[in-house]
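Numbered from 1 within each chain, the chains take letters A, B, ... in sequence-line order. Note that the structure is predicted; figures quoted are calculated from it, not measured. What you see below is based on every heavy atom in this structure, not just the backbone, and it leaves out hydrogens, waters and symmetry mates.
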Amino acid sequence: MPELPEVETIRSLLAGKLRGKTIREVTARPGDRVFRDTVSVARLKRALTGRKIEGLGRRGKYLVFALDSGDFLVIHLGMTGVLYLLKPGEPGPEHTHLRLALDKNDLVFVDPRTFGRVMLASPGKLDEVPGLRDLGPEPLDDSFTAEVLAAGLRGRKSPVKSLLLSQKPVAGLGNIYADEACFRAGIDPLRHGGELKPAEVEALCASIREVLAESIACKGTTIRDYRWDQGKSGEFAARLQVYGRTGERCPRCGEKIKRAMLGGRSAHFCRNCQR
DNA sequence: GGGATTTCCTGTTGGC
DNA sequence: TGCCAACAGGAAATCC
């Protein structure tokens, strides 16, 4: 499931291959769920056909394609979305929702569960795209500090992990890295966000940055669906300390890892190390 | 407005 | 072996 490290891995892999390429043809099915009501296929084709890709950026878990028209193509991979390049004419796999024929190959967006989405933003209006609008700070930017995180948690009664998943105090964390960051910071994910002490917020801020940077260096985490270059797996799965390790021993104290349900999601943590 | 819950979706897994 | 229910989860919608 692509979170910030997986999206960043895909971005850095594709950026060099896409920069300067022209979109010759757009193939998509009108009414496809990945477009929701945000953009019609007709408008997407008008906006993309003949345009040059000037760069591929990322905001949180969103991939942002900058076009020479000033427009932006925005893709969220959801849970099972993948982007990759095919040879021209090579058939796309099942669940291909968007295909961009470029100069020498085709970029395809494949997503079986259709939790992903494809959007379009006009010049200067990237911040108005649903999802990007209320997105918190980038965790790996210098501007993301303990003070900034504290401001996002202040007064909040939701569990700290739920707040992290909301993308508002900070962008880019999903279930895996929210669990891992809480573990590294020694914070019980069920505690109210607003009750964390300054030293705890500082530890959480540092843990978020650390776990994301480490995972990017490992090309992300592959549990099941996520793959990066030509089907390669992300190597961070071997370094997970609590996520998906219910009943196993805590690597720090030996206590059994617990699992709790939090708003319909599973949270993994050590009762002894996380308070 | 905040917080909790539900919904969307399909491939995989576990139980019977 | 085969069927079916449960489960996985990001983000938006809905309810209280």
Rounding to a whole Å, what distance do you find between A:M119:CE and C:dG10:C1'? 12 Å

Mind calculating the distance between CE (A:M79) and C1' (B:dG11) to the nearest angstrom? 10 Å

Determine, for A:K21 against A:D103, whether the closest basic-nitrogen to carboxylate-oxygen distance falls under 4.0 angstrom. no

Restricting to side chain to side chain contact (heavy atoms under 4.5 Å, CB included), what partner residues turn up for A:A15, sequence neighbours left out? A:R11, A:R19, A:L56

Atom pair distance, as rounded to whole Å: CG in A:L262 and P in B:dT6: 14 Å

Starting at the 5' end of nucleotides 11-16 of chain C, put B wherever the base has a protein heavy atom under 4.0 Å, S where only the sugar-phosphate does, and a dash everywhere else. BS----

A:V242: hydrophobic cluster co-members (side-chain, 4.5 Å): A:F183, A:I257

Once side chain to side chain donor-acceptor pair (under 3.5 Å) is applied, do any residues pair with A:T96, and if so which ones, sequence neighbours excluded? none

Run the side chain to side chain donor-acceptor pair (under 3.5 Å) test against A:K161 and tell me which residues pass, sequence neighbours left out. A:N175, A:D179

Quick one: A:D111 CG to B:dT10 P, roughly how many Å, whole number? 10 Å

Report yes if a side-chain nitrogen or oxygen of A:T114 is closer than 4.0 Å to either non-bridging phosphate oxygen (OP1 or OP2) of B:dT10; otherwise report no. no

Listing, residues 115-133 of chain A side-chain donor-acceptor contacts under 3.5 Å, not counting sequence neighbours, or none:
residue, atom, partner, partner atom, Å
A:R117, NH2, A:T38, OG1, 3.0
A:R133, NH1, A:E128, O, 3.4

For A:Y62, check ring-ring contact (aromatic ring centres under 6.0 Å, His included) against everything at least two apart and list the hits. A:H76

Whole-Å gap separating P (C:dG10) and CG (A:D179): 10 Å

Contacts of A:A217 that satisfy side chain to side chain contact (heavy atoms under 4.5 Å, CB included) - sequence neighbours left out: none

Quick test: give all pairs of protein nitrogen or oxygen and nucleotides 2-5 of chain B nitrogen or oxygen below 3.5 Å, distance rounded to 0.1 Å.
residue, atom, partner, partner atom, Å
B:dG3, OP1, A:K157, N, 2.7
B:dG3, OP2, A:R156, NE, 2.6
B:dG3, OP2, A:R156, NH2, 2.5
B:dA4, OP2, A:S158, OG, 3.4

Contacts of A:R249 that satisfy side chain to side chain contact (heavy atoms under 4.5 Å, CB included) - sequence neighbours left out: A:K256

Answer with yes or no whether the side chains of A:R259 and A:T246 bring together a donor and an acceptor at under 3.5 Å. no

Taking CD from A:E94 and C1' from B:dG11, how many angstroms apart are they, rounded to a whole number? 10 Å

Please round to 10 degrees the angle between the axis of the first five pairs and the axis of the last five pairs in the helix from B:dG2-C:dC16 to B:dC16-C:dG2. 50°

Residues at least two apart in sequence or cross-chain that pass side chain to side chain contact (heavy atoms under 4.5 Å, CB included) with A:E210, listed by chain then number, are A:R184, A:E214

To the nearest Å, give me how far apart CD (A:E6) and C1' (C:dG10) are. 13 Å

Taking only the side-chain nitrogens and oxygens of A:Y243, find out if one of them lies under 4.0 Å from OP1 or OP2 of C:dG9. yes

Quick one: A:R33 CZ to B:dT10 P, roughly how many Å, whole number? 8 Å

